[in-house]
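Values reported hereafter were calculated over all heavy atoms of this structure, with side chains retained and with hydrogens, waters and symmetry mates removed. Atoms within a ligand are numbered from 1 in the order they appear, just like the ligands themselves.
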Amino acid sequence: MSRATLNEELAANRANWDERAGLHLKSRFYDVEGWLQERREPQERELDALGDVAGLRLLHLQCHIGLDTLAWARVGAQVTGLDFSPAAIAAAREIADRAGLADRAEFICADVYEAVEALGHGTFDVVYVSLGALCWLPSVDRWAEQVGSLVAPGGRFYLHDCHPLAWSLDEEGRALEQTYFEQPEPYAQDSGLTYTDASRPLTNQRTYEWNHGIGETVTALIRHGLRLEWLAEHDWTVWPQFPWLVPNGDGIWAAPAGRPRVPLTLSLLASRPSDTPPDPGT
Ligand SMILES: C[S@@+](CC[C@H](N)C(=O)[O-])C[C@H]1O[C@@H](n2cnc3c(N)ncnc32)[C@H](O)[C@@H]1O
């Protein structure tokens with residue numbers, strides 16, 4: 001069978017995410033009602049990384065249903081969330097209204113590769129990306145080009161995502177299944193499951209994913225004008241990605257004691273020196 005075009009692959013991913021957005025809204029995993037009632041804020045580790053964001057313009061790329069985005073509005077940032085799923089953006093706007101945060105939050109429906117254009121060539125004090133983002137993108141360099149143009153001089157970029165080594169493993173987390181490095185060919189999969197509890201299987205089951213080695217990601221960010229401040233690999237994640245992970249409390253899953261540990265997620269902070277203009281590449 002011949003390979004689908006890139007546009008067809010991205011359209012399949014969008015249909016899958018549109019459907020997931022509806023299921024995720026009602027899931028225990030996202031717990032939107034609890035999030036609203038408890039007025040949840042960003043994770044401690046994120047606050048440690050970014051400090052006081054009150055009054056800062058913060059952009060969340062691939063924001064999904066906007067909970068991570070709106071958590072930053074709760075602590076005073078003026079936030080913009082961007083995602084290519086109309087259903088996810090509609091959900092995010094509705095949650096912003098219900099949380100009383102609509103005056104501090106804007107949600108834009110666009111492909112991340114068109115973010116600069118969609119955001120009117122504006123720049124942000126903080127660009128933020130949270131778990132499950134890079135694997136949906138065919139080129140990490142084209143993504144970094146967008147990021148590089150969106151961080152204002154003196155601004156920062158924070159990423160916490162799944163680790164490419166973990167993406168290389170099979171569902172059991174025991175054998176290598178995918179190449180660690182970026183490949184032109186995507187990893188195609190048909191699955192009715194999502195990472196949250198769901199009331200029914202997905203009907204839009206086909207997805208296409210791409211892995212990106214850490215060196216490729218970091219080098220792309222540097223190439224597009226950012227300076228790496230730190231990079232950390234974590235032996236934990238936030239969902240039971242492999243059957244041998246055990247919950248550690250606070251929504252964290254890690255290898256049980258005595259088992260060899262491998263990196264499951266990574267985080268990094270980068271900055272744009274204040275004397276450099278944004279990447280003119282876009
Ligand atoms: C795993 S979710 C992000 C979840 C988010 N970190 C959270 O915890 O809510 C991945 C998101 O990426 C979005 N996405 C995938 N490919 C995209 C693209 N090319 N442009 C913009 N958004 C994209 C999907 O619509 C989905 O909402």
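- A cation-pi contact, defined as under 6.0 Å to the ring centre and within 45° of the axis, is absent between R93 and F107.
- Below 30°, between 30° and 60°, or above 60°: for Y180 and H163 the angle between ring planes is between 30° and 60°, a tilted geometry.
- Taking the six-membered ring where tryptophan is involved, the planes of W143 and F157 are perpendicular, since the angle between them exceeds 60° and thus also 30°.
- R14 forms no cation-pi arrangement with W17, by the criterion of a distance under 6.0 Å to the ring centre and an angle within 45° of the ring axis.
- For the pair D125 (side chain) and R57 (backbone), a donor-acceptor distance under 3.5 Å is present.
- Residues of the protein with a heavy atom under 4.0 Å from ligand 1 are W17, Y30, Q62, H64, D68, D83, F84, S85, A110, D111, V112, S130, L131, G132, W136, L137, Y195, listed by chain and number.
- A salt bridge does not link E216 to R223: none of the charged nitrogens lies less than 4.0 Å from a carboxylate oxygen.
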